[in-house]
Amino acid sequence: MNPKRKKKLILVSAMVAAVGIAVGLVLYALSENINLFYTPTQIADGEAPIGQRIRAGGMVVDGSVKRAPDSLQVQFAVTDYKHEVVVSYTGILPDLFREGQGIVTMGAMDDKGIFQAVEVLAKHDENYMPPEVEAALKASGKTAADYQK
Amino acid sequence: MAFDKFWAWFHRMGSPKWFYEISGRWIPWFATATIVLLTVGAVWSLAFAPQDYQQGNSFRIIYIHVPAAILAQSIFFSMALCGAIGLIWKMKVADMVAKSCAPIGASMTFIALFTGAVWGKPTWGAWWVWDARLTSMLILLFLYFGVIALQSAFDSKQSAARASAILSLVGVVNIPIIKYSVEWWNTLHQPATFKLTEKPAMPMEMWLPLLIMVIGFYCFFATVLMMRTRNEILEREKRTQWVQGLLSK
């Protein structure tokens with residue numbers, strides 16, 4: 001390679017590296033704002049602002065969903081397997097909402113420690129499988145997570 | 001030895017005439033592969049692949065969404081690589097290939113964003129969420145628009161190529177951000193289902209048609225890229241003897 005091209009190659013590589021480092025630092029500094037939601041542990045640790053509108057995310061706890069008989073009001077707990085947050089929501093839940101499913105919800109903590117949600121989104125995981133496989137898994141008492149291993 | 005051969009090939013690739021001739025021979029093969037793979041992949045994935053246990057048939061959008069999203073990133077990377085070659089080796093063909101990449105990549109990015117929104121509405125309950133994956137993908141679309149705009153903002157082809165190469169090289173930093181956004185931050189978007197290096201998070205009968213679609217999309221990109229680059233070569237080299245010779249045939 002002739003020296004002129006070599007110089008340019010170094011220059012171009014240095015430029016990409018410099019931009020990469022700059023962007024990396026910016027993203028590192030902003031990482032709290034880039035996270036879409038707070039986990040129940042972060043909320044329990046007081047990292048999430050109280051009274052402000054935030055997003056919380058986690059798994060819906062099995063057996064925690066309680067629906068009001070006369071309205072669309074529903075209450076459930078969200079967990080990251082360390083801490084739990086009780087969420088109250090009035091409205092139509094997405095189709096994929098069910099116990100054991102991941103969700104992301106927007107709202108604010110009230111003074112009783114209940115998360116008053118104004119929006120509930122279902123978080124889909126990366127696992128896909130046919131319904132027959134799921135039925136077979138259930139019959140043998142395993143979960144989707146076992147199937148992937 | 002192999003290294004010398006590579007450099008010989010590399011420098012020959014830099015001749016517009018040679019590129020024009022070799023791509024003319026390759027296009028029919030890539031076009032045939034595209035048609036066969038996309039037909040087989042589409043029929044298999046839409047009609048024969050099993051439903052998903054949670055999403056039912058709406059999961060089939062993955063067969064367009066994932067290939068388009070993979071291509072959107074690969075094309076940007078290729079564009080930046082060609083831009084770098086154009087900057088360092090002053091190779092005209094590399095500039096032309098980089099220019100031809102941009103509109104194809106922008107279309108792929110748009111398809112990925114659009115199909116994602118259509119899938120997100122029934123699955124998540126929202127068309128759009130400002131999470132890291134979706135936002136970085138939107139930035140990719142704007143980067144493509146920026147490159148396309150720069151390409152036509154200059155009278156001199158050389159300045160246009162240099163400016164858009166620099167923007168592509170700056171923008172290439174976004175590619176790893178897109179890829180790892182779902183691992184570095186909490187996002188609504190799920191981690192990758194389609195993996196080549198590890199066991200994929202879906203059974204074979206769902207994964208194989210997806211693999212075929214991805215390869216089909218790559219062949220489609222190769223075909224369209226060569227066609228666009230050939231056009232670009234004819235346009236820029238129209239005063240040379242060999243193009244005049246082609247025209248008078």
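We use all heavy atoms of the structure for the numbers below, so side chains are in, but hydrogens, waters and symmetry mates are not. Below, chain A is the first sequence line, B the second, and so on; all start at residue 1.
- Contacts of W207(B) with chain A are absent, with no heavy-atom separation under 4.5 Å from either backbone or side chain.
- In terms of heavy-atom pairs under 4.5 Å with chain A, the best-connected choice from D52(B), I177(B), D131(B), T135(B) is D52(B).
- Residue F77(B) places its CZ atom among 12 or fewer non-hydrogen atoms of other residues, nucleotides or ligands, all under 6.0 Å distant.
- Between the OH atom of Y53(B) and the CG atom of N127(A) there is a distance of 6.5 Å, given to the nearest 0.5 Å.
- With a 4.5 Å cut-off on non-hydrogen atoms, V16(A) touches chain B through its backbone and its side chain both.
- Around the CH2 atom of W7(B), the shell of radius 6.0 Å holds more than 12 heavy atoms that belong to other residues, nucleotides or ligands.
- Both the backbone and the side chain of P191(B) come within contact range of chain A, judged by heavy atoms closer than 4.5 Å.
- A 6.0 Å sphere centred on CD of Q158(B) holds no more than 12 heavy atoms belonging to other residues, nucleotides or ligands.
- Taking CH2 of W89(B) as the reference point, atom CG of L9(A) lies at 5.5 Å (rounded to 0.5 Å).
- With a 4.5 angstrom heavy-atom cutoff, A192(B) touches chain A only via backbone atoms.
- Of the residues considered (V12(A), I34(A), L96(A)), I34(A) shows the highest number of contacts with chain B, using heavy-atom pairs under 4.5 Å.
- Heavy atoms from other residues, nucleotides or ligands lying under 6.0 Å from OH of Y180(B) number 12 at most.
- A distance-only check finds no donor-acceptor pair linking the side chain of K8(A) to the backbone of A84(B) [under 3.5 Å].
- Of the two parts of V170(B), the backbone and the side chain both hold a non-hydrogen atom closer than 4.5 Å to a non-hydrogen atom of chain A.
- Only the side chain of V129(B) comes within contact range of chain A, with heavy atoms under 4.5 Å apart.
- Interface residue K90(B): only side-chain heavy atoms are found under 4.5 Å from chain A.
- Note that CG of L87(B) and CE of M15(A) are 7.5 Å apart. Values are rounded to the nearest 0.5 Å.
- Judged by distance alone, the side chain of N186(B) and the main-chain N or O of N35(A) form no donor-acceptor pair under 3.5 Å.
- Distance CG/L188(B) to NZ/K123(A): 6.0 Å, rounded to 0.5 Å.
- Other residues, nucleotides and ligands contribute at most 12 non-hydrogen atoms within 6.0 Å of the CZ atom of R53(A).
- In this structure, W124(B) and V104(A) have side chains that are not in contact, with every pair of non-hydrogen atoms separated by 4.5 Å or more.
- Other residues, nucleotides and ligands contribute only 12 or fewer heavy atoms inside 6.0 Å of the CZ atom of F114(B).
- The shortest non-hydrogen separation linking P94(A) to T123(B) is CB-O, 4.3 Å.
- No more than 12 heavy atoms of other residues, nucleotides or ligands sit less than 6.0 Å from atom CD1 of I92(A).
- Between T193(B) and Y128(A) the shortest heavy-atom distance is OG1-CE1, 3.2 Å.
- The number of heavy-atom neighbours closer than 6.0 Å to CZ of R5(A), taken from other residues, nucleotides and ligands shown, is above 12.
- Looking at every heavy atom in both residues, H124(A) comes nearest to Q190(B) through O-CB, 3.0 Å.
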